2 protein chains.
Amino acid sequence: MAYQYGGTGNTSPPERDAKQRIIDAAIELYSDHGFNGVTIKDVAAGANVSAPLVIHHFGSKAGLRKICDKYAAQRVYESKARAIEMGKQFTPEQMLLHSAKNRPILRYLVQALIAGGEEVDALMDQLVDDAVQYTAEAIDQELIKPSPDERRRAVMLLLQGFGSMMLHRQMKRLLGSSPMTDPPAEWGPYLTTIFDIYTNGVFEPEAYRGLYEGLAAQEDS
Amino acid sequence: MAYQYGGTGNTSPPERDAKQRIIDAAIELYSDHGFNGVTIKDVAAGANVSAPLVIHHFGSKAGLRKICDKYAAQRVYESKARAIEMGKQFTPEQMLLHSAKNRPILRYLVQALIAGGEEVDALMDQLVDDAVQYTAEAIDQELIKPSPDERRRAVMLLLQGFGSMMLHRQMKRLLGSSPMTDPPAEWGPYLTTIFDIYTNGVFEPEAYRGLYEGLAAQEDS
DNA sequence: GACAGGACTGAACAGCTGTTCAGTCACCGA
DNA sequence: TCGGTGACTGAACAGCTGTTCAGTCCTGTC
């Protein structure tokens with residue numbers, strides 16, 4: 001079926017315009033197969049559009065990638081704003097949970113984080129800042145324990161969260177479900193395990209204190 | 001410089017044979033750029049060999065991948081055996097720490113886990129089994145706390161560990177160093193943060209108990 | 001000393017890659 | 001009515017992809 005020029009009162013509904021359809025198709029394909037695994041023609045086909053049009057709008061494949069990064073970042077900021085309006089559900093896990101709706105963006109983000117790039121680096125910085133702020137509020141509410149280094153802990157929690165999402169294929173295999181692919185009703189195995197780890201801890205209190213304090217002292221010097 | 005046929009008493013030292021050099025080059029390149037990011041000619045160049053020879057030995061690019069997976073898995077098993085001989089340093093983090101020497105293999109593994117495939121799935125199953133066993137011993141020694149579901153916790157700890165390693169670029173940016181790229185002497189920021197999270201926990205004991213018990217009850221029914 | 005077999009190569013190939021080009025169509029202001 | 005502008009296309013291109021082919025060289029066996 002050939003493309004319908006977006007005339008005034010044409011036959012079919014106007015839908016999103018081609019440029020947006022291309023971005024949507026690219027984000028969906030990228031998040032499934034990574035950047036190298038998707039060709040411009042794949043994207044074009046996904047958007048019901050010719051390959052040269054992708055170049056026409058975005059200049060090159062790299063250009064498309066850049067715009068997708070920006071678009072994803074903006075979606076994250078919007079989602080953050082909405083979360084702030086909604087209520088006071090903090091913690092990194094709740095952050096992910098809140099993202100259930102725009103899971104495609106999250107999946108894209110995870111791919112982008114591996115590939116790297118200025119846009120995602122800046123976004124990651126933002127996410128860390130936000131996490132630190134949310135954590136501080138949650139500490140005030142006695143939901144989260146204070147840490148000797150709030151920023152580092154926030155960084156590692158984010159990396160662990162995103163990282164485990166990256167391996168959602170394995171998670172699904174080993175846990176039976178994964179927040180990346182299944183509806184929230186089936187997140188039980190994941191959530192209970194996360195709660196276990198982050199509420200009860202893993203190491204016995206005294207087990208590694210010596211090692212820990214050694215490292216801390218070494219870093220202070 | 002052309003290839004020297006591996007004659008009897010030739011000029012240069014015999015080194016490893018071509019087949020092994022190809023595997024080594026492939027694993028190194030794959031772990032840096034992923035599977036799609038590396039061409040057969042890249043691998044051939046890295047092993048000082050012609051591209052058709054790679055095909056000759058491994059049949060196809062997919063064949064090479066498969067052999068690399070098997071090889072990496074074997075290296076992990078060897079490393080495990082050596083760890084068992086060495087001593088009693090358990091915990092997932094110590095497992096990674098022990099792998100400092102064969103970091104290339106670990107990096108390859110991380111790429112393979114994203115890409116998926118039978119070989120890595122089987123390896124991952126093995127790693128989970130091992131982690132469960134190690135954890136049980138560490139619980140006996142009062143180094144690690146028991147968990148309501150040892151296997152699930154082991155799975156999530158592995159996924160978090162591997163996952164955060166996948167994002168080593170971000171870790172390096174945000175923490176200043178990463179076990180994936182830096183020598184053990186600079187692992188301080190990573191290790192102290194991990195100890196903090198896994199020793200002290202993150203959530204306050206009562207904060208999410210209701211949610212947790214709700215999920216657990218739902219799963220039992 | 002003939003010969004099979006295997007490691008190894010350069011040259012060549014078909015197919016796919018991102019991109020360019022020339023041209024069509026619809027819209028819009030003069 | 002004209003001409004400019006921009007969305008959009010099929011055809012074509014150069015470059016790279018994995019792979020094939022024919023042939024060279026070495027090694028071991030009878």
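Computed from a predicted model, the values in this text were never measured in an experiment. Chain letters run A, B, ... following the sequence lines, proteins first and then strands; every chain starts at 1.
Counting any heavy atom pair closer than 4.0 Å across all strands shown, H56(A) reaches a base atom. Residue T39(B) is in sugar-phosphate contact alone, with no base atom involved, counting any heavy-atom pair closer than 4.0 Å across all strands shown. Nucleic acid contact for K19(B): none, since no nucleic acid atom lies under 4.0 Å from a heavy atom of the residue.
R65(A) has a carboxylate O that lies under 4.0 Å from a charged side-chain N of D69(A), or vice versa, which qualifies the two as a salt bridge.
Here the P atom of nucleotide dA7(C) and the CZ atom of F58(B) are 11 Å apart, to the nearest Å. For I40(A) and dG15(D), the CD1 to P distance is 18 Å, given to the nearest whole Å. Atom-to-atom, CD1 of I22(B) to P of dG18(D) comes out at 14 Å; the value is rounded to the nearest Å. In this entry the distance linking NE2 of H57(B) with P of dG6(C) reads 12 Å, nearest Å. Per the geometry, CD1 belonging to I55(B) stands 14 Å off C1' belonging to dT9(C), to the nearest Å. Whole-Å rounding puts the R21(B) CZ to dA7(C) C1' distance at 12 Å. Distance CZ (F35(A)) to P (dG18(C)): 14 Å, rounded to an integer number of Å. Atom CG in N36(B) sits about 13 Å away from atom C1' in dG18(D), given to the nearest Å.
The side chain of K61(A) has dT19(C) as its nearest neighbour among dC8(D), dT19(C), dA7(C). The side chain of A51(A) sits closest to dT19(C) out of dC8(D), dT19(C), dC8(C). Of the candidate nucleotides dC8(C), dT19(D), dT20(D), dT20(D) has the atom lying nearest to any side-chain atom of P52(B). Nearest to the side-chain atoms of L53(B) among the listed nucleotides dG10(D), dC8(C), dT19(D) stands dC8(C).
Each of R153(A), R152(A), R151(A) was compared with D149(A) under the salt bridge (Lys or Arg N to Asp or Glu O under 4.0 Å) criterion, and only R152(A) meets it.
Residues D32(B) and Q111(B) bring no donor and acceptor atom of their side chains to less than 3.5 Å of each other. Side-chain contact, T39(A) with D42(A): a donor N or O sits under 3.5 Å from an acceptor N or O.
Ring orientation note: the planes of Y198(B) and F203(A) are nearly perpendicular, at an angle over 60° on the 30°/60° scale.
Projected onto DNA chain D by closest heavy-atom contact, S50(A) and K41(A) fall at different nucleotides, the more 5' of which corresponds to S50(A).
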